Amino acid sequence: MARLLADLSSYLRSGSSLAQQQQTVLHPALPVPGLAPLLTELPRGGIAEVTGPRSSGRMAVLLHVLAQATSRGEVCALLDTHDQFAPHSAAAAGVLLPQLVWVRGQNRPDDMLRAADLLLHAGGFGVIVLDLPEVAAAVWNRIPTSWWYRFQRAAEHTPTILVLCTEKPQARACAQISIELTSPSVEWRGTSCFALLRRFETLAHLRKPAGRPATSLSIRAVS
Amino acid sequence: MYACLHQPSSGEASERAPGLLEVAYSFAPFVEQTASATVVFGTDALQRTIGPPSRIAVAIVQRQKQQSIRAHAAIASTPDTAILLARYSERKLVVVRVGHDAAELAPLPLSALFEHDPSLPPELLPVLQSWGLSRCGDLAQLPENGLVERLGTAGLRLRRIALGQLHRPLRVTPIESPYEEQVQLEHALDCVEPLLFLVSRILIGFCERLRSQMYAARKLNIVLELERNQPYLRSLEFAVPLQDHRPMLKLLQLDLDRHPPHAPVKGFTLRLEPVAPRRVQHHLLLPPVPAPDKLQLTLSRIAAMVGETNVGTPELLNTFRPDAFRLLPPAEDHPGRPKAIEDLFGARLQLALRMFRPPLAARVRLQKHVPDFFLSRIAAGPIVRASGPWKSSGEWWTTSRWAGEEWDVALEGGAVYRLFRELQTCQWFVRGVYD
C-alpha cells in the first residue's frame, strides 16, 4: 500500500491546491513593472501597504498600480480620504479614468473604512485603493485593528487587491505586502529659477515579505 | 386545433372587440386579434377540460349567449382555416374534423384568400381567374411544383392556405398593463419604514408581473401625498433594468433617507417604467467587473455617507483650467481591453500631484522675486529650491477666469510643493504636493 501511494504521489493533487490553481489561472497576479526592483507582481486577494512621508512617491506607486490594473480591463476604486486625488496626474500616469470609481472623502477616515468594506463585499473590483496619508495619530488610535482583519477576510479568495496608503504601517500582520518609502532626493534640471523638476530618487524597502535589500526607485516628472 | 370567433359587421368595431376578446380570454390565455371583429385562440388545452371539438363549440356558443354576442365560430386544424371558415362560410358554426380542412375550404371563393392575407400580391387574383379558377378547391387541385414555377412563393402560400396546411403560431398581442398603483392611507405615516413596508408589497407584485411579461424596470417614480403640503415626487433611474424588488426597495430606502418627505404621508402613487431586460454577452478574456445593479446599490450606500456629488467616475474637461474635471455615474459597460505588455503606459513610475481642495492660503517671502520662505497650515520653512514662475491664464470671457503663476518649491525636509499666486489679488496658495 505504501509503495502504491509512493508511486502515485506525483499524480495526486489535493482539492484545495486545484482550487488555488484555478483561481491563479482566472485571476493572475497583477504585474507592476515600475516596482521591478522590489517585486514583480502583486498577489490577489490580500492587503498591500504603501507607507512613507509626504513626497516619498506613495501616490506615484498607487497610480502605477491603478494604471496597470485598468489597462488590463479591470475596474478599480479609489477611496480618497482627504480629496487629494488629481485626475490629470492619474491620466498622465496611464490610469484609464472611465474604469475608476472615485470616492471623495470629507476628511473622515471612518467613512472611508466603511466604504472599503462595502466595496470589498460588492465584489468585482481589481484594485481598491484606500488612501489615508494625512491621518493624525490620535485618529489612528481610535480605529480598531479589527478593521484590517475584516478586510483581510473579505479580500481573501477574491481577485481584489486592497492597497493601503498611510504614513506609518497600520495593517501590520494583515498586510501581505508592505513597501516603505523614504524621503526623496529631488533632481532638478537647469539652473536658478529656470530649473525644471526632473525626478525623485526615493529609497524603498520591502518590509513584508522581508529579506530583500532596500532599493532605489526613480520617479520621473511628467515631461 | 384553433377556434375563431368572427362578428359580422353590424355596429362599431371598437364596440365589438371587447366582448369578443372577453369570450376568447375566458377560454385561453393567449389570443390573436386578427381584425377588430375577429379573434383566434388555441383549443388543444381545452380538450382535456371540456372534451372534443364539438363540445368546445357548444361551450363557445353558450358563452356567447351569456355575453349577448352573436358571432360566427369555427374550429379547425390551423388558425388560417378557422379564420376563413368563420368569416366566409355561410354557416354560423363550423367544426372541422381532422384531415377535412381542404374539403371545408373548397367552396370558398378565391378572393377570400386575398382578403384574408394582405401580404399576398393582389395582381395574382386576375391571373388565377384567367386560368378558370374561382374556388379554393380549384386552386388546391393544382400541382404544387407547377404553381411555384409560375407564381413563386406566393403561389405556394396560396395553395397551402387553400388546403388548410399553413401552420403558424398565433400572433399574440401583449396585454398592456400599467405598472402603477395608488394607495390611500387611513392614518398618515411619519416614518419611512412603514411606508417602505407598503411599497415592498406592491413592488413584489410588479416584479412578478415584469418577469412574466419579459420586462424589467428602468425607472421608479413615487409621488407621496403629504399632509398640508404639495405632492412630493422622487424619481429613481436604475443603472440597469431590474426585475428584482429587493435592490429597488433598498435604493428607494437610501434615496428617502437622503431626501425625506417634510410632512406625514397620507398616500402615495408608485409607478415603474417597463423596458426590455438587459442582455449582455461577457467577454471570455476580460476580467470580471462589478455587477451594475450591485455597484449602484453599493455606491448609493457610500453616497449616503460622503454625499451624492462625491462619488463617481472622473472625466477631464476640455479646458486648460487647473484641476478641471467632473464626476459621472459609472459606465454600464466598461470599454477596457487588455493591452499587450509592451503597450502598457507606465512601465516607469510617474511623479504625481496631490491636490489641496480648496487651495491652502500661504504666506510667502520673496528674495529677488523668487520665493525664499513659505508658511501655511500644513508646512512651513525655508525654500531650498524654487522653479518658476509658470504663468497661466484663461477663460477671461467667463466668470470662471483665472490668471496666476505657479512655482514648484522644495523644502529642506525633501517635500516639494506647488505654490500658486493669483495675479489679481497677489495672494499665495498651496495648490498641491508632489508625491
Side-chain angles (χ1 to χ4, degrees), chain A residues 27 33-34 54-61 63-64 67-68 70-75 83-84 86-89 91-94 96-106 111 114-115 118-119 122-126 159 183-186 188 193 195-197 199-200 217-222, chain B residues 283 286-291 294-295 297-299 301-302 305-307 310-316 322-323 325 327 330-331 334-339 341 343-357 370 378-379 385-389 408 410 413-416 432-435:
Chain A
H27 309 291
R54 200 178 282 165
S55 284
S56 58
R58 294 166 302 179
M59 186 50 106
V61 171
L63 293 185
H64 179 69
Q68 300 297 322
T70 53
S71 62
R72 287 162 61 93
E74 297 178 18
V75 177
D83 192 16
Q84 292 183 334
H88 289 82
S89 283
L96 298 178
L97 295 180
Q99 287 169 236
L100 180 71
V101 175
W102 178 21
V103 180
R104 302 173 67 184
Q106 307 295 311
D111 285 351
R114 275 195 286 274
L118 287 170
L119 290 174
F125 289 92
S183 294
S185 63
V186 186
W188 301 81
C193 63
L196 278 174
L197 191 59
R199 69 159 67 97
F200 281 12
L217 286 183
S218 175
I219 305 169
R220 66 175 180 179
V222 180
Chain B
H283 202 291
L286 279 180
V289 294
K294 218 170 180 180
L295 181 64
L297 196 56
T298 306
L299 295 187
R301 283 178 168 148
I302 294 173
M305 290 190 284
V306 298
N310 293 323
V311 182
T313 295
E315 186 190 59
L316 302 181
D323 201 26
F325 66 88
L327 278 182
H334 301 281
R337 299 179 65 183
K339 294 180 182 176
I341 293 298
D343 293 341
L344 283 176
F345 188 77
R348 292 168 61 188
L349 294 175
Q350 294 264 353
L351 196 56
L353 192 66
R354 283 182 182 275
M355 306 296 291
F356 296 124
R357 298 188 184 96
V370 175
I378 55 150
R385 192 78 186 249
S387 165
D408 291 335
V416 181
V433 58
Y434 286 99
D435 194 7

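So you know, we letter chains A, B, ... as the sequences are listed, proteins then strands, and number each from 1. Just so we're clear, the structure is a prediction, and the values are computed from it rather than from any experiment.
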message = Among A:His88, A:Glu74, A:Arg114, which residue has the highest count of heavy-atom pairs closer than 4.5 Å to chain B?
response =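 Highest number of heavy-atom pairs under 4.5 Å: A:His88.
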With only heavy atoms counted, which part of [X] is less than 4.5 Å from chain B, the side chain, the backbone, both or neither?
X	result
A:Leu97	both
A:Phe125	both
A:Trp102	both
A:Val186	side chain
A:Ser185	neither
A:Ser183	side chain

[X] side-chain N/O to [Y] backbone N/O, donor-acceptor pair under 3.5 Å:
X	Y	value
A:Ser89	B:Ala352	no
B:Asp435	A:Gly57	yes
B:Thr298	A:Leu119	no

If you tally heavy-atom pairs under 4.5 Å against chain A, which of [options] wins?
options	answer
B:Asp323, B:Leu353, B:Val311	B:Leu353
B:Arg357, B:Met305, B:Lys294, B:Met355	B:Arg357
B:Pro314, B:Gly414, B:Ala291	B:Pro314
B:Asp408, B:Leu299, B:Val416	B:Val416

message = Quick check: closest heavy atoms across A:Pro98 and B:Thr313, and the distance to 0.1 Å?
response =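 For A:Pro98 versus B:Thr313, the nearest heavy atoms are CA-CG2, 3.5 Å.
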remark   = B:Ala415 and A:Ser55 have their tightest heavy-atom pair at CA-OG, 3.3 Å
message = Could you work out, with salt bridge (Lys or Arg N to Asp or Glu O under 4.0 Å) as the rule, every residue matching B:Arg301, not counting sequence neighbours?
response = none
message = Does any backbone or side-chain atom of B:Tyr434 lie under 4.5 Å from a heavy atom of chain A? Answer side chain, backbone, both or neither.
response =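 Interface part for B:Tyr434: both.
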request  = Please look at B:Leu327 and chain A and tell me whether the side chain, the backbone, both or neither of the residue comes under 4.5 angstrom of a heavy atom of that chain.
outcome  =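 Contact with chain A involves the side chain of B:Leu327 alone.
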message = Between B:Asn310 and A:Gln106, is there a side-chain heavy-atom distance shorter than 4.5 Å?
response = yes
